[in-house]
Structures are given as structure tokens and as C-alpha cells.
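Quick caveat, the model's predicted, so the values are computed rather than measured. We're numbering straight along the sequence, starting at 1.
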Amino acid sequence: MHTASPATGSAGDSILVTGAAGFIGSHVVSELLARGHRVVALDDLSGGFHSNVDERATFVEGSILDVALVDRLFDEHRFAYVFHLAAYAAEGLSHFIRRYNYQSNLIGSVNLINASVRHEVRCFVFTSSIAVYGHARPPVLEEMAPSPEDPYGIAKAAVEQDLRVSRDLFGMRYVVFRPHNVYGERQNIGDPYRNVVGIFMNKILQGEPLPIFGDGKQSRAFSYISDVAPVIADSIHRPEAWDQIFNIGADRPVTVNELGETVSRAMGVPFRPHYLPARHEVLHTHASHEKARALLGFEDRVGLEEGVGAMAAWVQQIGARASKAFGALEIEKGLPPSWRDLLAAADRRVG
Ligand code: NAD
């Protein structure tokens with residue numbers, strides 16, 4: 001096992017951020033630029049927007065699945081650090097797009113790990129997910145054995161393990177974050193499969209009720225982006241945090257009904273739920289963040305009311321976004337009926 005002491009990030013380091021046109025990635029890019037780093041921002045725009053990326057970053061439109069492109073970028077830019085956030089993070093949908101999920105979220109990650117090992121990257125920062133805990137009893141703690149319940153969580157858990165063995169064999173240092181339900185400005189509110197806060201806001205802008213799977217009593221903790229992105233960006237400056245895993249996000253769980261009420265208030269409309277058949281999902285989950293507090297200085301500062309209010313103001317400026325069905329389903333058996341309706345509507349538009 002390699003035990004060389006780490007050289008921590010200094011201003012001017014060349015850094016690759018993948019998923020950089022996405023929600024969390026674009027905020028991490030801004031944080032890194034503010035700290036004086038040079039940033040190459042890679043994204044295939046499958047879920048993100050070029051307009052999200054700070055103009056001071058070097059934007060490259062391309063996929064982490066394009067090995068030749070990845071190798072070329074590492075050759076050209078000699079990255080000291082990699083922040084890998086690119087993924088298709090539609091957890092519920094991942095059952096029905098298994099191959100797509102494993103290609104994007106597992107093989108894509110392996111392409112970056114291979115290049116990072118070969119190019120002696122100092123630290124590889126990876127956004128995993130609370131999904132690795134599956135049905136574990138909350139509050140979930142980092143030392144619990146992963147037990148994911150869906151292909152998305154399985155891919156994230158596999159990448160975490162691959163980073164651990166890459167550290168042991170090749171000495172490549174890493175930091176793993178397991179965020180949960182982050183929301184805020186620049187989130188893609190048009191994705192009908194993920195990010196309940198954005199889905200609710202988009203529905204309200206379209207004058208529609210809020211779709212809720214089950215009775216809305218399932219609970220989650222929702223984290224505002226400004227509590228999360230700076231901590232991710234700063235992790236390269238904290239060698240005591242390297243080779244470790246951190247939960248990151250808000251402490252206080254709320255039910256989806258409570259969230260719907262908060263979002264409706266922020267958007268200035270009455271709460272109008274549309275209850276759908278329950279889907280296969282973890283009912284209650286939230287995480288302990290003691291480790292991130294102790295080692296990374298994490299603080300859960302922005303309350304739900306305040307964060308949702310800020311996002312609502314932004315959403316009201318950008319307006320509603322068209323939602324499109326994911327076209328290439330690999331399995332339709334067991335698909336929630338509301339997602340089947342989305343597909344049928346898309347087929348009608350094509351036909
Ligand atoms: P996002 O969809 O806004 O960002 C992901 C970005 O990755 C998108 O811009 C997309 O275009 C890009 N991308 C996807 N496949 C790609 C590929 N093959 N090559 C290049 N780019 C590709 O999602 P986000 O919410 O910002 O999530 C960022 C990361 O954090 C993801 O890894 C996600 O799994 C993780 N995460 C997010 C949350 C959350 O609540 N938002 C929770 C847990 C984990």
C-alpha cells in the first residue's frame with residue numbers, strides 16, 4: 001500500500017470537473033474558480049446546460065464514455081485533481097435502464113479512474129449517493145455496509161469500492177461524497193424522473209397538481225446547494241479527509257407532503273397533490289453528518305423554507321421547462337403507470 005503524504009490543492013492547479021454543466025457540478029466549478037484554480041468542464045449536455053457553466057472555465061462538450069477524448073484531455077491538461085460528478089442520477093428509473101445506468105455511472109467512472117491513475121492525479125473526488133444505503137435504518141452512518149436497492153445505487157457502491165482498491169494498489173487518493181436530495185438554482189426542473197423539488201416547481205408553473213407516489217408520508221432531508229458545493233470543492237485542501245467517505249446534506253427529514261406544502265407556499269399557490277400508486281422506493285431515509293462536520297467543517301445552514309424560496313425566485317425567472325420521456329427503456333415491466341403515460345404521450349407526439 002502506498003503511504004506517500006499528500007500534496008494538497010493550491011491555487012492554479014489544473015482540475016477536471018465532469019458533469020460540469022449539471023446542477024451540483026456547475027456550482028463546484030464556480031467554487032473552484034473562486035479559489036483560483038484552472039478548470040476544464042466536461043459534460044455531454046445529456047442532462048445539463050452550457051449556460052450553467054462559468055465562462056472562465058474551459059468547457060468541453062463530450063462524454064466520459066469517449067475514452068479517446070478522456071485520454072486527450074488528461075494528456076493536454078495534466079490534471080492535479082478530478083471532480084467526477086457526471087451521471088444519470090434517476091434512481092427510480094435505473095431499474096428500467098440498467099445497461100444505460102451501468103454504462104454512464106459505472107463504466108464512465110472507470111474510464112476516469114484509469115486515466116487518473118495513469119496520470120498520477122493527486123485526489124479523485126467522487127459524488128456517490130445516499131442510495132448506497134438502501135433500506136438501512138436512518139440515520140445512516142458512513143461505516144454501515146452498503147446495501148443498495150437499485151442499479152443506480154449499485155453502480156455508485158461499485159465505484160466507491162473501485163476507488164478503495166485503486167488507492168490500495170496504485171496509491172490514488174480519493175474522497176467520496178454521499179449527497180442526498182440537493183436542490184437549488186441551475187437544477188434541471190424539466191427531468192420528470194428526478195429531483196422532486198424541481199418537478200413540483202415545474203408542475204406549478206404549468207398549472208398542474210403535484211405528482212406524489214404513495215401517500216406522501218415518505219421522508220427525506222433536502223439540502224440547499226450552497227451548503228454542499230463549497231464543501232465538495234474544499235475537500236482537496238483537506239488531506240485529513242482523503243480516502244474517506246462522507247454523507248453530506250441536511251439533517252432534518254420532512255415528508256414529501258410537507259415538502260409539497262413548502263414549495264407551494266414559495267410559489268404562491270395552494271398545495272394541490274395528485275397521489276399516484278406507490279412505487280418501489282425506500283420510505284424513510286436521512287443521514288448523520290457528524291463526520292463531515294468534524295473533518296470538513298460542514299454546516300447545515302440553509303433551512304428548507306429559505307432554500308426553497310431562493311430556488312422558487314429563480315424558477316419563476318426561467319419559467320417552465322418541457323419534460324421529455326426517457327426514450328430508450330430496456331425493461332417496461334413494473335414501470336410506474338405515470339411514467340408509462342409519459343411514454344405514451346411522447347409516442348403520440350412522434351406518431
Ligand atoms: P445533473 O444531472 O444536474 O448533473 C449531471 C451532469 O452529468 C449533467 O449535466 C449531464 O449532462 C452530465 N452527464 C451525464 N452523463 C454524462 C456523460 N456520459 N458524459 C459527460 N457528462 C455526462 O445531476 P446533479 O444533481 O448535479 O448530480 C451530480 C452528481 O451528484 C451525480 O453524480 C449524482 O449521482 C450525484 N448526486 C446528486 C444528488 C442530488 O440530490 N442532486 C444526490 C446524490 C448524488
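A donor-acceptor pair under 3.5 Å is formed between the side chain of R272 and the backbone N or O of G207. Looking only at distances, no side-chain donor or acceptor of N202 sits under 3.5 Å from a matching main-chain atom of A320. E55 contributes no side-chain N or O that, together with a main-chain N or O of S51, makes up a donor-acceptor pair within less than 3.5 Å. Side chain of N247 to backbone of S288: a donor-acceptor contact under 3.5 angstrom is found. Between the D43 side chain and the A20 main chain, a donor and an acceptor come within less than 3.5 Å of each other. At distances below 3.5 Å, at least one donor-acceptor pair connects side-chain atoms of S94 with backbone N or O atoms of E91. Remark: the backbone N or O of S63 is not paired with any side-chain donor or acceptor of D44 at under 3.5 angstrom. N195 contributes no side-chain N or O that, together with a main-chain N or O of V197, makes up a donor-acceptor pair within less than 3.5 Å. Remark: side-chain polar atoms of Q218 are paired, donor with acceptor, to backbone N or O of G216 under 3.5 angstrom. In terms of modelled atom types and a separation under 3.5 Å, the side chain of R279 and the main chain of G92 share no donor-acceptor contact.
When all heavy atoms of S235 and F83 are compared, the closest pair comes out as OG-CE2, 4.4 Å. Minimum interatomic distance between S14 and R78 (heavy atoms only, all atoms of both residues): CB-O, 4.0 Å. For the pair I199 and P192, the tightest heavy-atom approach, listed with the atom from each and the gap, is CD1-O, 3.5 Å. Listed here is the closest heavy atom pair of G334 and R340: N-NH2, 4.4 Å. In plain terms, the two heavy atoms of H180 and A287 that are nearest each other are NE2-CB, 3.9 Å. Of all non-hydrogen atoms in P151 and N101, the two that sit nearest each other are O-ND2, 3.0 Å.
A salt bridge is defined here as a Lys NZ or Arg NE, NH1 or NH2 lying under 4.0 Å from an Asp or Glu carboxylate O, and R35 with D234 meets this definition. Between R118 and D71, at least one side-chain nitrogen of the basic residue sits less than 4.0 Å from a carboxylate oxygen of the acidic one, meeting the salt-bridge criterion. By the 4.0 Å N-to-carboxylate-O rule, R265 lies too far from E261 to be salt-bridged with it. We find that D191 and R321 are not joined by a salt bridge, their nearest charged nitrogen and carboxylate oxygen being 4.0 Å or further apart. Ionic pairing of K156 and E160 is not present here: no N-O contact between side-chain nitrogen and carboxylate oxygen is shorter than 4.0 angstrom.
No donor-acceptor contact under 3.5 angstrom links the side chains of T255 and N257, judged on distance only. A side-chain donor-acceptor contact under 3.5 Å links H289 and D251. In this model, a donor atom of one side chain and an acceptor atom of the other lie less than 3.5 Å apart for E185 and Y224. For the 3.5 Å distance criterion, the side chains of S129 and R178 fail to qualify, holding no donor opposite an acceptor.
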For this session: Determine, stepwise, if the pair I130 / T285 fulfils side-chain contact (heavy atoms from CB on, under 4.5 Å).
Result: CA-CA 9 Å; I130 199 174; T285 186; 3.7 Å; yes
Problem set entry | S109 and H84: CA distance, side-chain angles, deciding distance, side chain to side chain donor-acceptor pair (under 3.5 Å) verdict | CA-CA 8 Å; S109 302; H84 173 36; 2.8 Å; yes
For this session: Give the C-alpha distance, both sets of side-chain angles, the deciding distance and a yes or no for salt bridge (charged side-chain N to carboxylate O under 4.0 Å, His left out) between D300 and R252.
Result: CA-CA 9 Å; D300 176 14; R252 191 176 74 86; over 6 Å; no
For this session: List the steps, then state whether side-chain contact (heavy atoms from CB on, under 4.5 Å) holds for I232 with V125.
Result: CA-CA 8 Å; I232 295 177; V125 181; 4.1 Å; yes
Exercise. Does the pair F96 and E330 meet the rule for a side-chain contact (heavy atoms from CB on, under 4.5 Å), with working shown?
Worked result: CA-CA 6 Å; F96 310 99; E330 295 155 25; over 6 Å; no
Problem set entry | Audit row: Y174, D162, side chain to side chain donor-acceptor pair (under 3.5 Å) steps and yes/no | CA-CA 11 Å; Y174 66 88; D162 195 72; over 6 Å; no
Exercise. Passes side-chain contact (heavy atoms from CB on, under 4.5 Å), I225 versus I24? Steps please.
Worked result: CA-CA 7 Å; I225 185 66; I24 305 179; 4.1 Å; yes
For this session: Begin with the C-alpha distance, continue with both residues' side-chain angles, and end with the deciding distance and a verdict on salt bridge (charged side-chain N to carboxylate O under 4.0 Å, His left out) for R164 and D243.
Result: CA-CA 7 Å; R164 183 177 53 77; D243 306 334; over 6 Å; no
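The OH atom of Y183 lies 7.5 Å from the OG atom of S223; values are rounded to the nearest 0.5 Å. Put simply, CZ on F124 and CZ on R167 are 15.5 Å apart, with the number rounded to the nearest 0.5 Å. Separating the CZ atom in F222 from the OG atom in S219 is a distance of 9.0 Å, to the nearest 0.5 Å. In this structure, CG in L85 is found 10.0 Å from CZ in F177, a value given to the nearest 0.5 Å. One finds the CD1 atom of I189 at 8.5 Å from the CE atom of M201 (value rounded to the nearest 0.5 Å).
Ring pair F326/Y88 is parallel by interplanar angle, where below 30° counts as parallel and above 60° as perpendicular. In this pair, H77 and F79 present their aromatic rings parallel. The plane angle is below 30°, not in the 30 to 60° band. By the 30° and 60° cut-offs, the orientation of the rings of H119 relative to F74 is tilted.
By the 6.0 Å and 45° rule, R173 does not stack over the aromatic ring of Y81.
Side-chain atoms of L329 and L93, non-hydrogen and from C-beta on, do get closer than 4.5 Å to each other. Using a 4.5 Å heavy-atom threshold, the side chains of F200 and I212 count as touching. A heavy-atom distance below 4.5 Å is found between the side chains of L304 and V254. At least one side-chain heavy atom of F213 sits less than 4.5 Å from a side-chain heavy atom of S338. The shortest side-chain heavy-atom distance between I15 and I236 falls under the 4.5 Å cut-off. With a 4.5 Å cut-off on side-chain heavy atoms, S30 and R186 count as touching. Between Q244 and W242 there is no side-chain heavy-atom pair separated by less than 4.5 Å. Between M172 and L163, the closest side-chain pair of non-hydrogen atoms falls below 4.5 Å.
Taken together through direct or relayed side-chain contacts under 4.5 Å among Ile, Leu, Val, Met, Phe, Trp and Tyr, F59 and L33 form parts of separate hydrophobic clusters. Connection of M144 to L283 is not established within any shared hydrophobic cluster, with ILVMFWY side chains joined at heavy-atom distances below 4.5 Å, either directly or through further cluster members. Side-chain heavy atoms closer than 4.5 Å link hydrophobic residues (I, L, V, M, F, W, Y) into clusters, and following such links, even through other members, never connects V40 to F49. With hydrophobic clusters built from ILVMFWY side chains whose heavy atoms lie under 4.5 angstrom apart, V140 does not share a cluster with V182. Linking Ile, Leu, Val, Met, Phe, Trp and Tyr whenever their side-chain heavy atoms come within less than 4.5 Å leaves Y152 and I245 in two separate clusters.
Note: H135 and H284 fail the aromatic proximity criterion, with ring centroids not under 6.0 Å apart.
Results of the side-chain contact (heavy atoms from CB on, under 4.5 Å) test with I64 over I107, V110, L112, N111 single out L112 as the only residue that passes.
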